[in-house]
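One structure is given here, and the rest of the page talks about it.
In this text the structure is predicted, and so the values were computed from the model without any measurement. Throughout, a chain's letter reflects where its sequence line sits, starting with A, and its residues are numbered from 1.
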2 protein chains.
Amino acid sequence: MKSENVNEGRFTPPDIARAVRGMIVSGELRPGDHLSTIDLAARFCVSRGPVREALRLLESRALVRILPRKGAFVNSLQDDEVGVTMEAREFIFAAMAELAAQRISRSQLADLRRELQQLARLAAAPATTPNEFKLATYAFVSVLYGAARNPRLHQIIRDLSEGVGHAFGHLSMATQEMRQAEYEAYRLLTNAVTDRDPRRAGDLARRMHAAGVARATQLQAAIPQAVIEFKGKRRRSGRSEPRTQPVL
Amino acid sequence: MKSENVNEGRFTPPDIARAVRGMIVSGELRPGDHLSTIDLAARFCVSRGPVREALRLLESRALVRILPRKGAFVNSLQDDEVGVTMEAREFIFAAMAELAAQRISRSQLADLRRELQQLARLAAAPATTPNEFKLATYAFVSVLYGAARNPRLHQIIRDLSEGVGHAFGHLSMATQEMRQAEYEAYRLLTNAVTDRDPRRAGDLARRMHAAGVARATQLQAAIPQAVIEFKGKRRRSGRSEPRTQPVL
DNA sequence: TGTTTGTTTATTGCAGACAGATTTGTACGA
DNA sequence: TCGTACAAATCTGTCTGCAATAAACAAACA
């Protein structure tokens, strides 16, 4: 009988980091929230050491910000950081589309078309919620990203999306008109990928990404701030606002 | 008189991460090397806790790999990972050139041309070492990256370059012919940026990056492995080869 | 001589403890 | 009532100690 690993069933720092990341991207933790090492240690039944390591991992992914002697906070992107992040995402998204058009397999192409059909159904249905549509677009781009076959770029765009996607991504799919416009863009992109036309796919991806950002920004400027804030209690404006910057 | 911070003059985890990163990118630590928490703690006069946090930071930057119960190792990229990394870098590099062509300021343009002149001098001089030329290209692209005004992409390309640049970057500048070809590419790129032609700058950047990678790959395939290895003792082939993969 | 097994040592990973700093709560005075 | 000063409590950051594991070494055996 080989000795059981003592860490069996125990949360390691990467486990904790994954879990906290999930809490952040799901909205359970909101930007600016304080991450107490004591609370997290208690929640995961470990000591504060592994929690600190997990927070360091999330720090270098720009999901949390650690202020000396203050602790860790869920990172809230400033407006200008949203801009540069979306700009970066535009380039990477275009790269993924271009690569996918070069490399997508038969079965992946079938998957992509299946996800596109789902998007078509949701775009046509007035009762579709923004969240439903957003999840469907996630499924679509996941197939696309896999088809690009570059895990490095895949991780980069995932990181970029996490930082900004969940408060912002909704906005470009708020109305049915927007969802139909999004679907149309995805349809054209799928056609370019089907035709294995990297140039066209890349250009389309870039334009559709920029258009989505523009729609979301317009909407964000148009509607009252309260609608953008997460439901529930508002953030105190005087709260210390950690800024994203290189960790190293 | 406000109380002095007790951490004054003490190495914090980010400090340690920066220092270790410097040791890695400078070649003082080589891929596959074991990073002992005890040794590092002694070197920085701290306990092993902060060292562990620093290693976690480097882990998520793909500079080190932490194997459970084995410790931290300087990450050595597999051949296929070099490929995807250079591919990713090609896209980002093109993006930076495109953005720089849009946004470069007068003074930055002057800086860029100054760095280009330095490259011209070094490319013309037969006695130039690959390292000299490499450092000059660093200076050039640093100006370019700054002109792009997207800190997010800047950090991304810096991370991508660190992982692969120092063993690989030399190779595309090994001979004077290569350096002259590199210089010519930089000259054309500078012209495109000067003309504020983002499209041309981006296309040029992409082609020159791909050409550089092709040159380096050719050279790597042509010359004996011993020349590529760092000088000094060879890596034992049986050593555990940590692979890069998403940390979270 | 080569292989396998047992032992010893070194290191990792984590829990707990300690010093310092920040924050919170309270009492006091204007 | 509001602001300030002080004190207690809380939390962060680090250090030390301990259990568990992996590597290195030595001895026994084929």
Please produce a list of atom pairs where a protein N or O lies less than 3.5 Å from an N or O of nucleotides 8-12 of chain C.
{"residue": "C:dT12", "atom": "OP1", "partner": "B:H34", "partner atom": "NE2", "Å": "3.4"}
{"residue": "C:dT12", "atom": "OP1", "partner": "B:T37", "partner atom": "N", "Å": "3.2"}
{"residue": "C:dT12", "atom": "OP2", "partner": "B:T37", "partner atom": "OG1", "Å": "2.6"}
{"residue": "C:dT12", "atom": "O2", "partner": "B:R69", "partner atom": "NH1", "Å": "2.5"}

D:dT12 P sits how many Å from A:I66 CD1, rounded? 11 Å
Once ring pair (Phe, Tyr, Trp, His ring centres under 6.0 Å) is applied, do any residues pair with A:F133, and if so which ones, sequence neighbours excluded? none
Set of side chain to side chain donor-acceptor pair (under 3.5 Å) partners for B:D39, sequence neighbours left out: none
Among D:dT14, C:dA15, D:dC15, which nucleotide sits nearest the side chain of B:P13? D:dT14
What is the separation between atom CZ on B:R10 and atom P on C:dG20, rounded to the nearest whole Å? 10 Å
Send over the distance from A:F11 CZ to C:dG13 C1', rounded to a whole Å. 17 Å
Holding to side-chain contact (heavy atoms from CB on, under 4.5 Å), I want the full list of residues that pass it with A:V213, two or more places apart in sequence or in another chain. A:M86, A:F168, A:H209, A:T217
Report the distance from atom CG of A:L40 to atom P of D:dC11, rounded to the nearest whole Å. 12 Å
Quick one: list whatever passes salt bridge (Lys or Arg N to Asp or Glu O under 4.0 Å) with A:E182, sequence neighbours left out. A:R215
Partners of B:F91 by ring pair (Phe, Tyr, Trp, His ring centres under 6.0 Å), sequence neighbours excluded? none
How many whole angstroms separate atom CG of A:L55 from atom C1' of D:dT14? 16 Å
Who pairs with B:V20 by side-chain contact (heavy atoms from CB on, under 4.5 Å), at least two apart in sequence or on another chain? B:I16, B:M23, B:I24, B:L29, B:L35, B:L40, B:F44, B:L58
One thing to verify: whether A:E28 and A:R43 come together as a salt bridge, which I'm taking to mean a side-chain N less than 4.0 angstrom from a carboxylate O. yes
For D:dC15, take OP1 and OP2 only and decide whether either is under 4.0 Å from a side-chain N or O of B:S47. yes
Axis-to-axis angle for the helix from C:dT1-D:dA30 to C:dA30-D:dT1, ends of five pairs each, to 10°, equals 10°
Under the side-chain contact (heavy atoms from CB on, under 4.5 Å) test, which residues partner B:N131, sequence neighbours left out? B:T129, B:K134, B:L135, B:H170
